[in-house]
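The structure appears right after this line, and notes come after that.
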Number of protein chains: 2
Amino acid sequence: MPRSRTRNAPETRAAILEAARQRFASEGFDASLSSIVADAGITKGALFHYFENKQALYLEVWTNLQTDMARDTQKAALANRSPDDPYQAILAGCRRYLEWTTRPDFQRIVLIEGRGVLGMTEWMSNERDVGREVVRSAIGYLVQRGLIADDRASTLSVIVQGALHGAGLALARNIDGVTVDSICCALDSMLRQMK
Amino acid sequence: MPRSRTRNAPETRAAILEAARQRFASEGFDASLSSIVADAGITKGALFHYFENKQALYLEVWTNLQTDMARDTQKAALANRSPDDPYQAILAGCRRYLEWTTRPDFQRIVLIEGRGVLGMTEWMSNERDVGREVVRSAIGYLVQRGLIADDRASTLSVIVQGALHGAGLALARNIDGVTVDSICCALDSMLRQMK
DNA sequence: CGAGCTAACATACCAGTGGTATGTAAAAAC
DNA sequence: GTTTTTACATACCACTGGTATGTTAGCTCG
(Lines give C-alpha, C1' and ligand atoms only; values in the text may rest on other atoms or scores of the structure.)
Protein backbone atom coordinates (compact mmCIF):
# COMPACT_ATOMS: atom_id res chain seq x y z
CA MET A 1 0.00 0.00 0.00
CA PRO A 2 2.66 2.59 0.93
CA ARG A 3 4.67 1.26 -1.98
CA SER A 4 4.63 3.69 -4.84
CA ARG A 5 3.25 2.45 -8.10
CA THR A 6 6.57 2.95 -9.83
CA ARG A 7 8.38 -0.31 -10.20
CA ASN A 8 12.01 -0.20 -9.18
CA ALA A 9 13.39 -3.68 -8.93
CA PRO A 10 17.03 -3.03 -8.06
CA GLU A 11 16.16 -0.60 -5.29
CA THR A 12 13.75 -3.09 -3.77
CA ARG A 13 16.34 -5.82 -3.88
CA ALA A 14 18.92 -3.56 -2.30
CA ALA A 15 16.47 -2.52 0.39
CA ILE A 16 15.84 -6.13 1.27
CA LEU A 17 19.55 -6.88 1.45
CA GLU A 18 20.20 -3.85 3.61
CA ALA A 19 17.38 -4.64 6.00
CA ALA A 20 18.51 -8.26 6.14
CA ARG A 21 22.08 -7.27 6.90
CA GLN A 22 21.02 -5.15 9.83
CA ARG A 23 18.63 -7.70 11.24
CA PHE A 24 21.06 -10.57 10.79
CA ALA A 25 23.76 -8.48 12.41
CA SER A 26 21.73 -7.72 15.50
CA GLU A 27 19.55 -10.81 15.90
CA GLY A 28 21.42 -13.41 13.90
CA PHE A 29 19.92 -15.82 11.45
CA ASP A 30 16.93 -16.17 13.75
CA ALA A 31 15.77 -12.71 12.72
CA SER A 32 12.34 -13.28 11.27
CA LEU A 33 11.58 -12.61 7.64
CA SER A 34 8.54 -10.68 8.78
CA SER A 35 10.74 -8.15 10.54
CA ILE A 36 13.06 -7.90 7.56
CA VAL A 37 10.31 -7.23 5.03
CA ALA A 38 8.76 -4.74 7.43
CA ASP A 39 12.06 -2.86 7.64
CA ALA A 40 12.42 -2.95 3.89
CA GLY A 41 8.88 -1.66 3.48
CA ILE A 42 7.67 -4.55 1.37
CA THR A 43 6.00 -7.92 1.90
CA LYS A 44 7.11 -11.50 1.92
CA GLY A 45 5.85 -11.93 -1.60
CA ALA A 46 8.54 -9.54 -2.82
CA LEU A 47 11.22 -11.20 -0.76
CA PHE A 48 10.49 -14.63 -2.15
CA HIS A 49 10.34 -13.14 -5.59
CA TYR A 50 14.00 -12.16 -5.34
CA PHE A 51 15.39 -14.87 -3.07
CA GLU A 52 14.69 -18.56 -3.19
CA ASN A 53 14.65 -18.93 0.59
CA LYS A 54 16.06 -17.52 3.78
CA GLN A 55 19.42 -19.20 3.34
CA ALA A 56 19.83 -17.75 -0.12
CA LEU A 57 19.19 -14.30 1.30
CA TYR A 58 21.70 -14.90 4.06
CA LEU A 59 24.20 -16.23 1.56
CA GLU A 60 24.03 -13.03 -0.43
CA VAL A 61 24.41 -10.81 2.62
CA TRP A 62 27.33 -12.93 3.74
CA THR A 63 28.94 -12.90 0.31
CA ASN A 64 28.66 -9.14 0.01
CA LEU A 65 30.35 -8.55 3.35
CA GLN A 66 33.03 -11.06 2.51
CA THR A 67 33.81 -9.61 -0.89
CA ASP A 68 33.80 -6.05 0.43
CA MET A 69 36.30 -7.10 3.05
CA ALA A 70 38.43 -8.94 0.52
CA ARG A 71 38.53 -5.99 -1.84
CA ASP A 72 39.40 -3.57 0.91
CA THR A 73 42.05 -5.85 2.33
CA GLN A 74 43.72 -6.34 -1.00
CA LYS A 75 43.59 -2.63 -1.64
CA ALA A 76 45.38 -1.98 1.64
CA ALA A 77 47.98 -4.58 0.77
CA LEU A 78 48.69 -3.14 -2.66
CA ALA A 79 48.90 0.35 -1.25
CA ASN A 80 51.63 -0.74 1.15
CA ARG A 81 53.83 -2.51 -1.31
CA SER A 82 57.50 -2.10 -0.65
CA PRO A 83 60.19 -3.12 -3.14
CA ASP A 84 62.64 -4.32 -0.51
CA ASP A 85 60.20 -6.04 1.85
CA PRO A 86 57.61 -8.33 0.33
CA TYR A 87 56.05 -9.00 3.73
CA GLN A 88 55.03 -5.42 4.30
CA ALA A 89 52.10 -5.52 1.90
CA ILE A 90 50.76 -8.75 3.37
CA LEU A 91 51.04 -7.45 6.90
CA ALA A 92 49.18 -4.32 5.90
CA GLY A 93 46.44 -6.54 4.54
CA CYS A 94 46.33 -8.47 7.79
CA ARG A 95 45.98 -5.29 9.76
CA ARG A 96 43.17 -4.12 7.55
CA TYR A 97 41.43 -7.45 7.99
CA LEU A 98 41.67 -7.11 11.75
CA GLU A 99 40.01 -3.73 11.46
CA TRP A 100 37.10 -5.39 9.71
CA THR A 101 36.69 -7.76 12.62
CA THR A 102 35.68 -4.82 14.77
CA ARG A 103 32.54 -4.26 12.70
CA PRO A 104 29.60 -5.84 14.52
CA ASP A 105 27.87 -7.02 11.36
CA PHE A 106 31.06 -8.61 10.08
CA GLN A 107 31.67 -10.21 13.44
CA ARG A 108 28.33 -11.84 13.71
CA ILE A 109 27.48 -12.64 10.08
CA VAL A 110 30.90 -13.68 8.83
CA LEU A 111 32.95 -14.64 11.86
CA ILE A 112 30.36 -16.16 14.17
CA GLU A 113 27.29 -17.43 12.41
CA GLY A 114 28.01 -17.63 8.71
CA ARG A 115 29.79 -20.92 8.82
CA GLY A 116 26.98 -22.59 10.69
CA VAL A 117 24.16 -21.12 8.66
CA LEU A 118 25.64 -21.94 5.31
CA GLY A 119 27.47 -24.92 6.71
CA MET A 120 27.86 -28.08 4.70
CA THR A 121 25.81 -27.00 1.71
CA GLU A 122 27.45 -23.77 0.72
CA TRP A 123 30.44 -23.15 2.88
CA MET A 124 31.89 -26.63 2.87
CA SER A 125 31.38 -27.39 -0.77
CA ASN A 126 33.52 -24.95 -2.66
CA GLU A 127 35.22 -21.71 -3.28
CA ARG A 128 32.65 -19.46 -1.79
CA ASP A 129 35.29 -18.89 0.86
CA VAL A 130 36.60 -15.59 -0.44
CA GLY A 131 38.86 -15.08 2.55
CA ARG A 132 40.75 -18.17 1.67
CA GLU A 133 41.37 -16.97 -1.85
CA VAL A 134 42.86 -13.77 -0.55
CA VAL A 135 45.21 -15.57 1.81
CA ARG A 136 46.15 -18.02 -0.89
CA SER A 137 47.08 -15.28 -3.28
CA ALA A 138 49.16 -13.62 -0.60
CA ILE A 139 51.01 -16.84 0.08
CA GLY A 140 51.29 -17.39 -3.65
CA TYR A 141 53.06 -14.06 -3.84
CA LEU A 142 55.63 -15.27 -1.34
CA VAL A 143 56.04 -18.51 -3.25
CA GLN A 144 56.69 -16.51 -6.38
CA ARG A 145 59.42 -14.66 -4.57
CA GLY A 146 60.98 -17.96 -3.56
CA LEU A 147 60.32 -17.29 0.10
CA ILE A 148 58.02 -20.25 0.61
CA ALA A 149 58.18 -23.74 -0.84
CA ASP A 150 55.54 -24.36 -3.43
CA ASP A 151 54.25 -27.59 -1.94
CA ARG A 152 53.67 -25.96 1.40
CA ALA A 153 51.52 -23.15 0.12
CA SER A 154 48.17 -24.85 0.74
CA THR A 155 48.94 -25.91 4.27
CA LEU A 156 50.46 -22.60 5.25
CA SER A 157 47.48 -20.81 3.76
CA VAL A 158 44.93 -22.58 5.92
CA ILE A 159 47.11 -22.04 8.95
CA VAL A 160 47.51 -18.33 8.31
CA GLN A 161 43.82 -17.95 7.56
CA GLY A 162 42.94 -19.82 10.71
CA ALA A 163 45.32 -17.70 12.74
CA LEU A 164 43.78 -14.52 11.38
CA HIS A 165 40.32 -15.82 12.02
CA GLY A 166 41.14 -16.80 15.58
CA ALA A 167 42.81 -13.48 16.16
CA GLY A 168 39.80 -11.61 14.87
CA LEU A 169 37.49 -13.54 17.14
CA ALA A 170 39.74 -12.91 20.09
CA LEU A 171 39.62 -9.21 19.35
CA ALA A 172 35.85 -9.39 19.10
CA ARG A 173 35.75 -11.03 22.51
CA ASN A 174 38.43 -8.63 23.70
CA ILE A 175 40.47 -11.26 25.43
CA ASP A 176 43.11 -9.99 27.83
CA GLY A 177 46.44 -9.19 26.29
CA VAL A 178 45.28 -9.51 22.71
CA THR A 179 45.45 -6.32 20.68
CA VAL A 180 45.72 -5.48 17.03
CA ASP A 181 49.36 -4.59 17.53
CA SER A 182 50.26 -7.71 19.45
CA ILE A 183 48.69 -9.82 16.74
CA CYS A 184 50.38 -7.98 13.91
CA CYS A 185 53.66 -8.36 15.72
CA ALA A 186 53.16 -12.08 16.11
CA LEU A 187 52.05 -12.48 12.51
CA ASP A 188 55.10 -10.56 11.38
CA SER A 189 57.59 -12.95 12.88
CA MET A 190 55.39 -15.92 12.01
CA LEU A 191 55.22 -15.04 8.33
CA ARG A 192 58.87 -14.15 8.04
CA GLN A 193 59.90 -17.48 9.46
CA MET A 194 57.76 -19.55 7.19
CA LYS A 195 59.61 -21.40 4.44
CA MET B 1 3.22 -45.23 27.01
CA PRO B 2 6.13 -47.49 25.99
CA ARG B 3 8.07 -45.98 28.85
CA SER B 4 8.38 -48.45 31.69
CA ARG B 5 6.95 -47.37 34.98
CA THR B 6 10.36 -47.51 36.62
CA ARG B 7 11.82 -44.05 36.94
CA ASN B 8 15.37 -43.75 35.83
CA ALA B 9 16.27 -40.13 35.49
CA PRO B 10 19.93 -40.34 34.56
CA GLU B 11 19.31 -42.86 31.81
CA THR B 12 16.58 -40.72 30.34
CA ARG B 13 18.78 -37.68 30.38
CA ALA B 14 21.61 -39.57 28.75
CA ALA B 15 19.25 -40.94 26.11
CA ILE B 16 18.13 -37.45 25.24
CA LEU B 17 21.71 -36.22 24.98
CA GLU B 18 22.71 -39.16 22.81
CA ALA B 19 19.76 -38.75 20.47
CA ALA B 20 20.40 -35.03 20.29
CA ARG B 21 24.06 -35.54 19.47
CA GLN B 22 23.23 -37.80 16.57
CA ARG B 23 20.50 -35.58 15.20
CA PHE B 24 22.54 -32.42 15.61
CA ALA B 25 25.47 -34.14 13.93
CA SER B 26 23.49 -35.19 10.88
CA GLU B 27 20.92 -32.41 10.52
CA GLY B 28 22.47 -29.58 12.47
CA PHE B 29 20.71 -27.36 14.96
CA ASP B 30 17.66 -27.42 12.72
CA ALA B 31 16.99 -31.00 13.78
CA SER B 32 13.55 -30.88 15.31
CA LEU B 33 12.96 -31.61 18.95
CA SER B 34 10.15 -33.92 17.88
CA SER B 35 12.63 -36.16 16.08
CA ILE B 36 15.02 -36.09 19.01
CA VAL B 37 12.44 -37.08 21.58
CA ALA B 38 11.16 -39.78 19.22
CA ASP B 39 14.68 -41.22 18.95
CA ALA B 40 15.10 -41.07 22.70
CA GLY B 41 11.78 -42.81 23.21
CA ILE B 42 10.24 -40.08 25.31
CA THR B 43 8.15 -36.96 24.83
CA LYS B 44 8.78 -33.26 24.76
CA GLY B 45 7.57 -32.99 28.32
CA ALA B 46 10.56 -35.00 29.47
CA LEU B 47 12.97 -33.00 27.36
CA PHE B 48 11.82 -29.71 28.76
CA HIS B 49 11.95 -31.16 32.21
CA TYR B 50 15.69 -31.67 31.87
CA PHE B 51 16.65 -28.81 29.58
CA GLU B 52 15.47 -25.25 29.69
CA ASN B 53 15.32 -24.90 25.93
CA LYS B 54 16.83 -26.14 22.71
CA GLN B 55 19.95 -24.03 23.08
CA ALA B 56 20.62 -25.41 26.54
CA LEU B 57 20.40 -28.91 25.12
CA TYR B 58 22.76 -28.01 22.33
CA LEU B 59 25.11 -26.36 24.77
CA GLU B 60 25.41 -29.54 26.76
CA VAL B 61 26.00 -31.71 23.71
CA TRP B 62 28.60 -29.22 22.53
CA THR B 63 30.27 -29.05 25.93
CA ASN B 64 30.48 -32.81 26.22
CA LEU B 65 32.16 -33.18 22.87
CA GLN B 66 34.51 -30.34 23.67
CA THR B 67 35.55 -31.67 27.05
CA ASP B 68 35.98 -35.21 25.74
CA MET B 69 38.26 -33.84 23.07
CA ALA B 70 40.19 -31.75 25.55
CA ARG B 71 40.71 -34.64 27.91
CA ASP B 72 41.83 -36.94 25.14
CA THR B 73 44.15 -34.35 23.69
CA GLN B 74 45.79 -33.64 26.99
CA LYS B 75 46.17 -37.33 27.63
CA ALA B 76 47.97 -37.73 24.32
CA ALA B 77 50.22 -34.82 25.15
CA LEU B 78 51.16 -36.13 28.57
CA ALA B 79 51.80 -39.58 27.16
CA ASN B 80 54.34 -38.16 24.72
CA ARG B 81 56.33 -36.10 27.13
CA SER B 82 60.01 -36.03 26.41
CA PRO B 83 62.59 -34.67 28.87
CA ASP B 84 64.80 -33.16 26.19
CA ASP B 85 62.14 -31.77 23.86
CA PRO B 86 59.27 -29.82 25.42
CA TYR B 87 57.59 -29.38 22.05
CA GLN B 88 57.02 -33.06 21.50
CA ALA B 89 54.15 -33.33 23.94
CA ILE B 90 52.39 -30.33 22.49
CA LEU B 91 52.77 -31.56 18.96
CA ALA B 92 51.35 -34.92 19.99
CA GLY B 93 48.37 -33.08 21.39
CA CYS B 94 47.95 -31.18 18.16
CA ARG B 95 47.99 -34.40 16.17
CA ARG B 96 45.39 -35.91 18.44
CA TYR B 97 43.21 -32.85 18.04
CA LEU B 98 43.42 -33.15 14.29
CA GLU B 99 42.22 -36.72 14.59
CA TRP B 100 39.15 -35.46 16.38
CA THR B 101 38.40 -33.17 13.50
CA THR B 102 37.72 -36.23 11.35
CA ARG B 103 34.73 -37.17 13.48
CA PRO B 104 31.56 -36.01 11.71
CA ASP B 105 29.76 -35.05 14.90
CA PHE B 106 32.73 -33.07 16.14
CA GLN B 107 33.07 -31.40 12.76
CA ARG B 108 29.52 -30.20 12.55
CA ILE B 109 28.66 -29.53 16.18
CA VAL B 110 31.93 -28.06 17.38
CA LEU B 111 33.77 -26.82 14.31
CA ILE B 112 30.97 -25.67 12.05
CA GLU B 113 27.80 -24.81 13.86
CA GLY B 114 28.54 -24.51 17.55
CA ARG B 115 29.91 -21.03 17.41
CA GLY B 116 26.86 -19.74 15.60
CA VAL B 117 24.29 -21.56 17.67
CA LEU B 118 25.71 -20.53 21.00
CA GLY B 119 27.12 -17.33 19.58
CA MET B 120 27.14 -14.13 21.57
CA THR B 121 25.30 -15.44 24.60
CA GLU B 122 27.34 -18.46 25.55
CA TRP B 123 30.34 -18.71 23.34
CA MET B 124 31.32 -15.06 23.29
CA SER B 125 30.93 -14.40 26.94
CA ASN B 126 33.78 -16.41 28.37
CA GLU B 127 35.45 -19.52 29.46
CA ARG B 128 33.11 -22.04 27.98
CA ASP B 129 35.75 -22.30 25.30
CA VAL B 130 37.51 -25.40 26.57
CA GLY B 131 39.77 -25.62 23.55
CA ARG B 132 41.25 -22.29 24.39
CA GLU B 133 42.09 -23.40 27.90
CA VAL B 134 43.98 -26.38 26.56
CA VAL B 135 46.02 -24.29 24.17
CA ARG B 136 46.68 -21.72 26.86
CA SER B 137 47.99 -24.34 29.24
CA ALA B 138 50.24 -25.69 26.50
CA ILE B 139 51.63 -22.26 25.80
CA GLY B 140 51.90 -21.69 29.52
CA TYR B 141 54.09 -24.74 29.68
CA LEU B 142 56.44 -23.20 27.14
CA VAL B 143 56.44 -19.94 29.06
CA GLN B 144 57.38 -21.84 32.17
CA ARG B 145 60.32 -23.32 30.30
CA GLY B 146 61.42 -19.88 29.28
CA LEU B 147 60.81 -20.59 25.62
CA ILE B 148 58.11 -17.96 25.15
CA ALA B 149 57.83 -14.47 26.59
CA ASP B 150 55.17 -14.21 29.25
CA ASP B 151 53.43 -11.18 27.78
CA ARG B 152 53.02 -12.88 24.44
CA ALA B 153 51.27 -15.94 25.75
CA SER B 154 47.74 -14.70 25.19
CA THR B 155 48.29 -13.55 21.65
CA LEU B 156 50.19 -16.63 20.63
CA SER B 157 47.51 -18.78 22.18
CA VAL B 158 44.71 -17.39 20.08
CA ILE B 159 46.88 -17.64 17.00
CA VAL B 160 47.79 -21.24 17.62
CA GLN B 161 44.22 -22.11 18.44
CA GLY B 162 43.02 -20.39 15.30
CA ALA B 163 45.63 -22.16 13.22
CA LEU B 164 44.54 -25.52 14.62
CA HIS B 165 40.92 -24.68 14.05
CA GLY B 166 41.53 -23.63 10.48
CA ALA B 167 43.63 -26.69 9.86
CA GLY B 168 40.91 -28.94 11.21
CA LEU B 169 38.33 -27.33 8.98
CA ALA B 170 40.59 -27.67 5.98
CA LEU B 171 40.97 -31.36 6.73
CA ALA B 172 37.22 -31.68 7.04
CA ARG B 173 36.82 -30.07 3.65
CA ASN B 174 39.79 -32.09 2.40
CA ILE B 175 41.43 -29.23 0.62
CA ASP B 176 44.17 -30.16 -1.80
CA GLY B 177 47.60 -30.49 -0.34
CA VAL B 178 46.48 -30.32 3.26
CA THR B 179 47.11 -33.45 5.29
CA VAL B 180 47.55 -34.24 8.94
CA ASP B 181 51.27 -34.65 8.36
CA SER B 182 51.73 -31.45 6.43
CA ILE B 183 49.93 -29.54 9.17
CA CYS B 184 51.89 -31.12 11.96
CA CYS B 185 55.09 -30.34 10.11
CA ALA B 186 54.09 -26.70 9.72
CA LEU B 187 52.99 -26.45 13.34
CA ASP B 188 56.28 -27.98 14.41
CA SER B 189 58.41 -25.23 12.88
CA MET B 190 55.87 -22.59 13.79
CA LEU B 191 55.88 -23.48 17.47
CA ARG B 192 59.61 -23.89 17.69
CA GLN B 193 60.19 -20.45 16.26
CA MET B 194 57.82 -18.68 18.58
CA LYS B 195 59.46 -16.61 21.25
C1' DC C 1 -2.91 2.04 -30.26
C1' DG C 2 -4.45 -1.97 -27.79
C1' DA C 3 -4.13 -6.74 -26.67
C1' DG C 4 -1.17 -10.00 -24.38
C1' DC C 5 2.63 -11.30 -21.81
C1' DT C 6 5.72 -10.90 -18.08
C1' DA C 7 7.98 -8.79 -14.12
C1' DA C 8 7.10 -7.13 -9.64
C1' DC C 9 5.05 -7.24 -6.16
C1' DA C 10 0.74 -8.16 -2.40
C1' DT C 11 -2.52 -11.34 0.16
C1' DA C 12 -4.05 -15.41 2.23
C1' DC C 13 -2.96 -19.43 3.96
C1' DC C 14 -0.54 -23.79 5.73
C1' DA C 15 2.26 -27.36 8.02
C1' DG C 16 5.49 -27.61 11.37
C1' DT C 17 8.26 -25.57 15.04
C1' DG C 18 9.86 -24.36 19.82
C1' DG C 19 7.81 -23.60 23.93
C1' DT C 20 4.15 -23.66 27.78
C1' DA C 21 0.43 -24.98 30.86
C1' DT C 22 -1.50 -28.58 32.83
C1' DG C 23 -2.20 -33.25 34.20
C1' DT C 24 -0.67 -37.58 36.62
C1' DA C 25 1.48 -41.31 38.76
C1' DA C 26 5.27 -43.01 41.31
C1' DA C 27 8.79 -42.30 44.64
C1' DA C 28 10.58 -39.93 48.65
C1' DA C 29 9.92 -37.36 52.98
C1' DC C 30 7.89 -36.62 57.19
C1' DG D 1 -0.39 -42.58 55.76
C1' DT D 2 -0.47 -38.24 54.11
C1' DT D 3 2.08 -34.74 51.68
C1' DT D 4 5.45 -33.14 48.66
C1' DT D 5 8.42 -33.64 44.96
C1' DT D 6 10.24 -35.84 40.86
C1' DA D 7 9.65 -37.48 36.31
C1' DC D 8 7.52 -37.62 32.93
C1' DA D 9 3.01 -37.35 29.31
C1' DT D 10 -0.70 -34.63 26.87
C1' DA D 11 -2.82 -30.84 24.83
C1' DC D 12 -2.26 -26.71 23.11
C1' DC D 13 -0.43 -22.08 21.24
C1' DA D 14 1.89 -18.29 18.78
C1' DC D 15 4.79 -17.83 15.27
C1' DT D 16 7.77 -19.25 11.64
C1' DG D 17 9.44 -20.18 6.80
C1' DG D 18 7.40 -21.22 2.75
C1' DT D 19 3.68 -21.64 -0.99
C1' DA D 20 -0.24 -20.78 -3.92
C1' DT D 21 -2.71 -17.46 -5.76
C1' DG D 22 -3.98 -13.05 -6.83
C1' DT D 23 -3.22 -8.22 -8.95
C1' DT D 24 -1.30 -4.48 -11.45
C1' DA D 25 2.11 -1.85 -13.95
C1' DG D 26 5.09 -1.76 -17.89
C1' DC D 27 6.87 -3.63 -22.18
C1' DT D 28 6.31 -6.02 -26.80
C1' DC D 29 4.64 -6.37 -31.13
C1' DG D 30 1.29 -6.64 -34.64
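Letters A, B, ... mirror the listed sequences (proteins, then strands); counts begin at 1. Only a predicted model underlies this, so the values are computations on that prediction, with no experimental measurement involved.
- Classification of R95(B) and D181(B) as a salt-bridged pair holds, one side-chain N sitting under 4.0 Å from a carboxylate O.
- The NE2 atom of H49(A) sits 8 Å away from the P atom of dA7(C) (whole-angstrom rounding).
- Following rounding to the nearest Å, K44(A) (NZ) and dT11(C) (C1') show an atom-to-atom distance of 11 Å.
- Phosphate proximity of dT6(D) to Y50(B): absent, as no side-chain N or O sits under 4.0 Å from OP1 or OP2.
- In this structure, Y58(A) atom OH and dG17(D) atom P are separated by 14 Å, rounded to whole Å.
- If you find the closest nucleotide of DNA chain D to F48(A) and to S34(A), the one lying nearer the 5' end belongs to S34(A).
- Toward the 5' end of DNA chain D, the nearer of the two residues S32(A) and G45(A), judged by each one's closest nucleotide, is S32(A).
- In this structure, the CG atom of N53(B) is 17 Å from the P atom of dT17(C), given to the nearest Å.
- Between I36(A) atom CD1 and dT16(D) atom C1' there is a gap of 12 Å when expressed in whole angstrom units.
- Side-chain proximity of L33(B) to dG18(C), dG18(D), dC9(C): nearest is dG18(C).
- Screening D85(A), N80(A), D188(A) against L91(A) for a side chain to side chain contact (heavy atoms under 4.5 Å, CB included) leaves a single residue, D188(A).
- Look at CZ on F51(B): it is 14 Å from C1' on dA7(D), rounded to the nearest Å.
- Going from atom CD of E27(B) over to atom P of dT17(C) covers 10 Å, rounded to whole Å.
- In the hydrophobic clustering of ILVMFWY residues, with side-chain heavy atoms under 4.5 Å counting as a link, V134(A) and L191(A) come out apart.
- Here the options are I109(B), D105(B), D30(B), the test is side chain to side chain contact (heavy atoms under 4.5 Å, CB included), and the partner is F24(B); only I109(B) passes.
- The nearest whole Å value for the distance from the CG atom in L47(A) to the P atom in dT16(D) is 14 Å.
- Residue T12(B) has a polar side-chain atom (N or O) positioned under 4.0 Å from OP1 or OP2 of dC8(D).
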